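To start, the structure itself, in structure tokens.
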Amino acid sequence: MNSSMMLRRFFCFNAALTPAASSASTSKKKPLVFLGSPQVSATVLDALFNAAAAPNSSFEVAAIVTQPPSRRDRGRKVMPSPVAQYALDRGFPSDLIFTPERARDETFLSSMRTLQPELCITAAYGNILPNKFLNIPPLGTVNIHPSLLPLYRGAAPVQRALQDGVKETGVSLAFTVRALDAGPVIACERLKVDDEIKAPELLALLFSQGSKLLIRELPSIFDGSAKEKAEPQDDSKATLAPKITPEESWLPFDQEASVLHNKVRAFAGWPGTRAKVIVIDDKNSSCNILELKIVTTRVCSDGNIHRNEADDVVFMKGALVFPCGGCTELEVLEVQLPGKKVVSAAAFWNGLRGQKLKTMTMETSHMTA
């Protein structure tokens with residue numbers, strides 16, 4: 001059986017509604033459609049399910065839109081998105097989970113028009129919504145965006161904020177318009193940023209905070225007062241948060257340690273940060289280039305690091321200490337070799353068995369040519 005036939009068992013792409021959907025469309029509660037895909041989106045969906053189940057609730061989740069099933073577990077299995085899996089685990093009807101390749105697909109749009117949702121909520125859905133979709137819900141589409149808009153509009157707001165070393169960020173609730181993350185802001189919540197927090201943890205915190213903000217504001221969204229109070233964004237203050245690319249993951253040690261530390265935090269999870277180091281064995285006069293994934297770091301506060309040569313990596317107090325630009329030092333606490341598990345700096349250092357470690361520079365790269 002081919003994969004497309006197998007997936008049709010679980011996901012309905014037809015415009016025709018099931019009896020459950022027909023019942024939903026005629027109930028007194030206002031139908032809401034949720035759009036989201038990754039695990040953090042499931043936090044928002046959980047909050048919506050719980051709020052909809054409350055005795056005084058005025059709405060229900062009528063349908064879920066998410067990314068199509070994809071191969072995970074190193075490509076072995078085709079699996080639904082985390083949001084779809086969570087919905088199925090909660091007993092949500094599989095024929096009301098829509099997984100269009102593109103939100104402009106006419107079959108999908110026809111299904112949405114038939115559902116007649118009053119409101120759509122998006123949280124890291126991952127697909128561009130066309131005007132044909134945005135025109136369907138009379139109350140509009142509201143997005144949970146993990147930044148203080150108009151700052152960090154785009155695909156990677158949390159990662160880019162951490163990369164910039166911000167001390168404060170937040171989450172915004174805004175109406176969706178065709179321009180990227182540019183709609184009027186209903187409400188926002190601010191959050192102090194710890195110097196050691198990584199992107200996956202901060203993303204989870206912001207969506208948790210965002211789900212609470214959404215539930216708090218839903219009454220005003222449904223009665224229309226949210227549109228009246230929503231404030232237009234000041235486009236002159238907008239900053240962009242473009243998508244992260246794997247090519248950005250390399251750590252250049254000619255930059256200051258704080259810049260590299262922020263990059264490690266920002267790129268944690270995916271794509272991670274990598275560095276090339278030189279391993280020198282004085283016993284047999286050999287040297288090799290080793291690629292490391294740098295997992296956890298901190299900026300070294302000790303200004304008295306003793307090394308024989310300027311590019312030596314030394315081990316001190318449980319950390320690999322890398323010399324960086326501006327006479328700064330980066331402590332690397334956890335690393336990962338290709339195809340291996342994450343290990344502590346101490347375990348990695350012990351595995352070197354007395355070999356020397358140097359940073360990879362233009363001057364030393366010829367040694368392994």
Side-chain angles (χ1 to χ4, degrees), residues 74 159 162-165 194-201 244-369:
R74 296 187 179 180
Q159 294 92 328
L162 285 179
Q163 190 177 7
D164 288 346
D194 183 86
D195 289 339
E196 307 301 323
I197 196 169
K198 297 178 182 178
E201 291 78 19
I244 304 290
T245 65
E247 291 75 23
E248 296 179 76
S249 65
W250 293 104
L251 294 179
F253 288 104
D254 58 345
Q255 295 183 348
E256 291 190 8
S258 60
V259 174
L260 301 183
H261 174 61
N262 289 337
K263 191 172 187 178
V264 170
R265 297 192 298 139
F267 289 24
W270 189 92
T273 42
R274 299 175 290 165
K276 286 184 178 181
V277 295
I278 297 176
V279 180
I280 300 175
D281 191 338
D282 286 336
K283 292 180 181 179
N284 56 20
S285 300
S286 68
C287 62
N288 295 289
I289 294 178
L290 194 63
E291 181 181 317
L292 285 177
K293 185 174 183 180
I294 307 299
V295 179
T296 304
T297 60
R298 67 180 172 222
V299 177
C300 182
S301 58
D302 190 341
N304 298 311
I305 306 297
H306 299 288
R307 47 173 55 90
N308 294 327
E309 296 180 7
D311 58 351
D312 282 349
V313 177
V314 299
F315 181 75
M316 189 181 70
K317 297 179 181 179
L320 298 167
V321 184
F322 283 73
C324 302
C327 298
T328 59
E329 311 273 353
L330 182 70
E331 295 184 19
V332 175
L333 307 176
E334 291 181 308
V335 298
Q336 184 178 16
L337 288 166
K340 304 294 184 179
K341 293 182 178 180
V342 174
V343 298
S344 67
F348 174 78
W349 186 258
N350 291 335
L352 290 176
R353 300 182 184 277
Q355 297 177 101
K356 295 179 181 178
L357 205 62
K358 290 179 176 289
T359 57
M360 186 75 176
T361 65
M362 292 298 293
E363 290 76 16
T364 56
S365 61
H366 72 277
M367 295 172 61
T368 57

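The structure displayed is predicted, hence computed values, not measured ones.
- From Arg274, atom CZ reaches atom NZ of Lys293 across 9.5 Å, with rounding to the nearest 0.5 Å.
- In terms of the ring pair (Phe, Tyr, Trp, His ring centres under 6.0 Å) criterion, Phe267 has no residue partners (sequence neighbours excluded).
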Show the atom names and distances, to 0.1 Å, of all donor-acceptor pairs under 3.5 Å that link a side chain in residues 350-357 to residues at least two apart or in another chain.
from: Asn350; atom 1: ND2; to: Ala346; atom 2: O; distance (Å): 3.2
from: Gln355; atom 1: NE2; to: Leu352; atom 2: O; distance (Å): 3.0
from: Lys356; atom 1: NZ; to: Asp282; atom 2: OD2; distance (Å): 3.1

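- In this structure, Val332 and Ala345 approach most closely via the heavy-atom pair O-CB, 3.3 Å.
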Carefully, step by step, assess Ile294 and Val335 under the rule side chain to side chain contact (heavy atoms under 4.5 Å, CB included). CA-CA 5 Å; Ile294 307 299; Val335 298; 4.3 Å; yes
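- Here the side chains of Trp349 and Met316 are not in contact, with every heavy-atom distance at 4.5 Å or above.
- Taking Glu248 as the reference, Arg160 meet the salt bridge (charged side-chain N to carboxylate O under 4.0 Å, His left out) condition, with sequence neighbours excluded.
- Checking side-chain atoms of Asp312 against main-chain N and O of Val314 turns up no donor-acceptor pair under 3.5 Å.
- Sorted by first then second residue, the side-chain hydrogen bond (donor to acceptor under 3.5 Å, both in side chains) pairs that include residues 319-336, not counting sequence neighbours, are Thr296-Glu334, Arg298-Glu331, Arg307-Glu329.
- Nearest heavy atom pair, residue Pro271 against residue Thr245, reads CG-O, 4.1 Å.
- Closest approach of His261 and Asp195 over heavy atoms only: NE2-O, 3.0 Å.
- Nearest approach of Val295 to Val264, heavy atoms of both residues: O-CG1, 3.5 Å.
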Any chance you could lay out the side chain to side chain contact (heavy atoms under 4.5 Å, CB included) test for Asp194 and Glu201, step after step, and finish with the verdict? CA-CA 11 Å; Asp194 183 86; Glu201 291 78 19; over 6 Å; no
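- Atom OG1 of Thr359 and atom CG of Leu320 lie 12.5 Å apart (nearest 0.5 Å).
- Nearest heavy atoms, Val299 versus Ser258: CG2-CA, 3.7 Å.
- Note: Lys358 NZ to Ile280 CD1 = 5.0 Å, rounded to the nearest 0.5 Å.
- Counting all heavy atoms, side chain and backbone alike, Ala266 lies closest to Gln163 at CB-N, 3.6 Å.
- Here Phe348 pairs with nothing under the ring pair (Phe, Tyr, Trp, His ring centres under 6.0 Å) rule; sequence neighbours left out.
- Within the model, atoms CE of Met360 and CZ of Phe253 stand 12.0 Å from one another, a figure rounded to the nearest 0.5 Å.
- Among residues at least two apart or in separate chains, side-chain hydrogen bond (donor to acceptor under 3.5 Å, both in side chains) pairs with a member in residues 262-273 are Asn262-Arg265.
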When you look at Leu292 and Leu337, which way does the side chain to side chain contact (heavy atoms under 4.5 Å, CB included) test go after all the steps? CA-CA 5 Å; Leu292 285 177; Leu337 288 166; 3.4 Å; yes
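- The distance from atom OG1 of Thr297 to atom CG of Leu333, rounded to the nearest 0.5 Å, is 7.0 Å.
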